[in-house]
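Just follow the structure's listing: the first ligand is 1, and inside any ligand the first atom is 1.
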Amino acid sequence: MAEPDPGHVQHRVGRSGGQRPDLDPQVTCAWHGLILPEVGRSGWDAGAVLTPVVWSPETRRHLPRHEVWVGVPTPGTEVPERVDVILDALAGHPLQEAAPHDDTVLERIHDGALLGFLRTAADKWAAAPYEELVGQDRVVPYFFPTAALLAGMEPSPPAALHARAGQFCYDTMTLLGPGTWQAARAAVDVALTAVDLLAAGAPSAYALCRPPGHHVTPLGYGGSCYLNNAAVAAEALRDAGHERVAVVDVDAHHGNGTQAVFWERPDVLYGSLHVDPAAGWFPHLFGHAGETGSGAGAGATRNLPLAEGTGDGPWVEAVADLADWVADAGCTALVVSLGVDAAGDDPESPLQVTAEGFREAGRELGGLGLPSVLVQEGGYHLATMGGLVAAFLAGHADP
Ligand code: SP5
Ligand code: ZN
């Protein structure tokens with residue numbers, strides 16, 4: 001595999017390396033004020049300037065139990081232990097527990113009908129006799145109002161909850177149970193708290209969001225995702241005064257949800273590199289190079305599909321390509337959809353990226369010198385995924 005060319009970073013415009021640890025003392029002070037309660041416990045060394053980690057114990061409450069794939073229940077891969085292995089790998093980083101935020105930003109990203117369904121579906125399912133009838137305690141859709149079914153007609157809303165689920169959930173792999181809403185909503189608070197840390201002067205913050213979010217559209221959920229944490233973070237950065245925000249998605253899968261949210265908007269760029277959906281990979285319908293946005297958002301979306309087996313060299317080149325694009329577009333803040341499932345060991349993708357690749361990707365994006373919120377997306381190999389997140393954060397903090 002070709003090595004990434006270390007020389008080409010320096011020749012680019014807009015790469016000031018502004019993410020260096022020499023912070024303005026006043027700003028540093030304000031930021032420390034926010035994180036002080038937990039700094040002592042983590043033994044954080046102020047000189048080291050490790051990226052602060054925002055998390056919530058609530059995010060452990062979603063238990064996927066299983067995923068129905070081609071009709072067969074297989075063990076869920078998006079498990080709560082993902083939170084623990086990441087926290088272990090980031091021991092020493094300042095730790096900040098998420099603060100509650102209201103639904104203002106969330107309601108601008110997602111339709112009220114989706115939010116209402118997600119908020120109440122588990123309780124309604126439990127109250128219905130599904131567990132008694134078939135032993136199923138998770139909300140599983142089985143009936144989908146596709147364009148083929150509707151045939152141009154206007155359907156009436158389905159009365160049955162098991163039919164209603166398919167109005168919002170577009171696959172059979174993203175089951176909803178007791179605790180799912182609480183975890184997903186807590187992940188949104190994690191993302192919003194990370195944005196708050198930036199406003200308080202932190203150069204960047206890592207949001208340990210779980211469940212992940214980049215497959216959630218304004219109205220539809222799937223791909224192990226329920227609420228789009230990265231989209232919420234980008235919208236909150238717009239509210240914080242950034243005129244143009246970029247989302248760079250390095251998860252192994254195309255973030256169709258984030259793309260859909262910002263498809264017609266010029267003020268939030270979406271760029272993604274991912275395993276080529278045309279080779280048969282999730283999310284199947286989207287993520288091709290020809291998808292570049294529409295209307296006012298024309299040109300504000302970029303997709304770099306990669307062949308199965310792609311490793312560090314071309315993968316890091318694709319990250320660098322998106323970083324150039326973000327720099328040229330004059331964005332003043334960055335959200336990274338930081339999935340680490342592009343790793344060679346990961347069970348959910350055929351990409352072959354190493355820890356060094358993730359470190360290099362962190363350097364490429366850290367070199368932009370933009371205030372950045374790094375939002376956890378996928379990554380399923382428990383033994384190595386924490387180290388991959390740590391490698392990316394290290395590269396990002398010291399480009
Ligand atoms: C956030 C994220 O990374 N979502 C990825 C969703 C992709 N899921 C597709 C699953 C395809 C079948 N995998 C079989 C594994 C059985 N457990
Ligand atoms: Zn993924």
Requested in this report: Check whether V190 and V335 end up in the same hydrophobic cluster, where Ile, Leu, Val, Met, Phe, Trp and Tyr are linked by side-chain heavy atoms less than 4.5 Å apart.
Outcome: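 No; V335 is not reachable from V190 via cluster members.
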
Does [X] reach ligand 1 with a nitrogen or oxygen that is under 3.5 Å from one of the ligand's nitrogen or oxygen atoms?
X    : result
G223 : yes
E348 : yes
D341 : yes

Numbering as shown, the atoms of ligand 1 that approach [X] to under 4.0 Å (heavy-atom distance):
X    : answer
D251 : 3 (O)
E67  : 16 (C), 17 (N)
G378 : 3 (O)
Y380 : 1 (C), 2 (C), 3 (O), 4 (N), 5 (C)
M173 : 10 (C)
P212 : 1 (C)

Query raised in the report: How does E377 reach ligand 1, by side chain, by backbone, by both or by neither, if only non-hydrogen atoms under 4.0 Å count?
Result: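 Neither; nothing of E377 gets under 4.0 Å from ligand 1.
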
Query raised in the report: If you measure from each non-hydrogen atom of P75 to ligand 1, which part falls under 4.0 Å: side chain, backbone, both or neither?
Result: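 The part of P75 near ligand 1 is the backbone, not the side chain.
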
Query raised in the report: Which is it for E360 and R363 under the salt bridge (charged side-chain N to carboxylate O under 4.0 Å, His left out) test, yes or no, and what are the steps along the way?
Result: CA-CA 5 Å; E360 280 297 319; R363 287 196 186 108; 2.5 Å; yes

**Report entry** Any H214 heavy atom less than 4.0 Å from ligand 1
**Finding:**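 Checking ligand 1 against H214, which is what was asked, there is a heavy-atom contact under 4.0 Å.
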
Ring center gap for [X] and [Y] short of 6.0 angstrom:
X    : Y    : value
H162 : F143 : no
F168 : Y221 : no
H215 : F282 : yes

For the Zn ion (ligand 2), find the closest N/O/S atom belonging to [X] and write down its atom name.
X    : result
D341 : OD2
D251 : OD1
H253 : ND1

Query - Residue H274, metal the Zn ion (ligand 2), N/O/S under 2.8 Å - result: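 It does not; every qualifying atom lies at 2.8 Å or beyond.
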
**Report entry** Test: E58 and R61 ion pair at under 4.0 Å
**Finding:**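 R61 and E58: salt-bridged.
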
Query - Check: F392 and Y206 side chains under 4.5 Å, non-hydrogen atoms - result: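 Counting from C-beta outward, Y206 and F392 never come under 4.5 Å.
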
Query raised in the report: When rounded to the nearest 0.5 angstrom, what is the spacing between OG1 in T193 and CG in L198?
Result: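 Reported value, rounded in 0.5 Å steps: 12.0 Å.
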
Query raised in the report: Any idea which protein heavy atom is nearest atom 16 (C) of ligand 1, and the distance to it?
Result: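 Here the closest protein heavy atom is T74 OG1, 3.3 Å.
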
Requested in this report: Assign the ring pair Y130 / W125 to parallel, tilted or perpendicular, where the plane angle (0 to 90°) is split at 30° and 60°.
Outcome: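 Aromatic pair Y130/W125 classed parallel.
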
Report task. Identify the two heavy atoms, one from L176 and one from A121, that lie closest to each other, and give their separation to 0.1 Å. Result ->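 In terms of heavy atoms, the two residues are closest at CD2-CB, 4.2 Å.
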
Query raised in the report: Evaluating non-hydrogen atoms only, which member of F282, W281, W69 is closest to atom 7 (C) of ligand 1?
Result: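 Checking each option, the heavy atom nearest atom 7 (C) of ligand 1 is found in F282.
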
Requested in this report: Sort out for me which residue in E264, Q259, R265 forms a side chain to side chain contact (heavy atoms under 4.5 Å, CB included) with T301.
Outcome: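 Exactly one option meets the side chain to side chain contact (heavy atoms under 4.5 Å, CB included) with T301, and it is Q259.
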
